[in-house]
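Scroll down for the structure; my scribbles are underneath it.
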Amino acid sequence: LKKRNISSAAVCTCISEKFTSDKKLVSALSADDTKIKKLFQSKKFESYMMARLMHSGLVCLAPELEAALDADSPEN
């Protein structure tokens with residue numbers, strides 16, 4: 001994909017916005033230190049947070065990849 005670079009800045013900004021727009025996650029992370037420490041030891045919380053991060057990454061990377069593919073060709 002030589003004709004259009006993927007904007008890592010745009011992808012990172014988008015991921016940050018998507019990740020922090022999850023009100024349930026933001027609410028959980030705004031708890032006191034003791035509760036947050038317990039959350040981070042929880043497999044359920046870890047799974048939820050990783051799923052949110054993966055979803056945000058894929059949603060934000062897809063348009064950049066699509067634009068890069070549209071600008072290029074599989075041929076030389």
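Values below: every heavy atom of this structure, side chains too, minus hydrogens, waters and symmetry copies.
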In sequence, state the C-alpha distance, the side-chain angles, and the governing distance for Ile15 and Leu61, and then conclude on side chain to side chain contact (heavy atoms under 4.5 Å, CB included). CA-CA 9 Å; Ile15 290 171; Leu61 185 56; over 6 Å; no

Would Tyr48 and Val59 show up in the same hydrophobic cluster when neighbours are defined by side-chain heavy atoms closer than 4.5 Å? no

Under a 4.5 Å side-chain heavy-atom rule over Ile, Leu, Val, Met, Phe, Trp and Tyr, are Leu69 and Val11 clustered together? no

Donor-acceptor contact below 3.5 Å, side chain Ser27 vs main chain Lys24: no

Report the C-alpha separation of Val26 and Asp22 in whole Å, then their side-chain angles, then the decisive distance to 0.1 Å, and conclude whether the side chain to side chain contact (heavy atoms under 4.5 Å, CB included) test is met. CA-CA 6 Å; Val26 171; Asp22 183 331; 5.6 Å; no

Would you compute the distance between atom CE of Met54 and atom CG of Leu58 and round it to the nearest 0.5 angstrom? 5.0 Å

Check whether Ser16 reaches the backbone of Cys12 with its side chain - one donor and one acceptor, N or O, closer than 3.5 Å. no

Leu29/Phe45 under side chain to side chain contact (heavy atoms under 4.5 Å, CB included): CA gap, chis, key distance, verdict: CA-CA 10 Å; Leu29 292 173; Phe45 182 76; 3.7 Å; yes

Starting at CD of Glu66, measure out to CZ of Arg4 and round the result to the nearest 0.5 Å. 10.5 Å

Does the side chain of Arg52 come within less than 4.5 Å of Lys18's, by heavy atoms? no

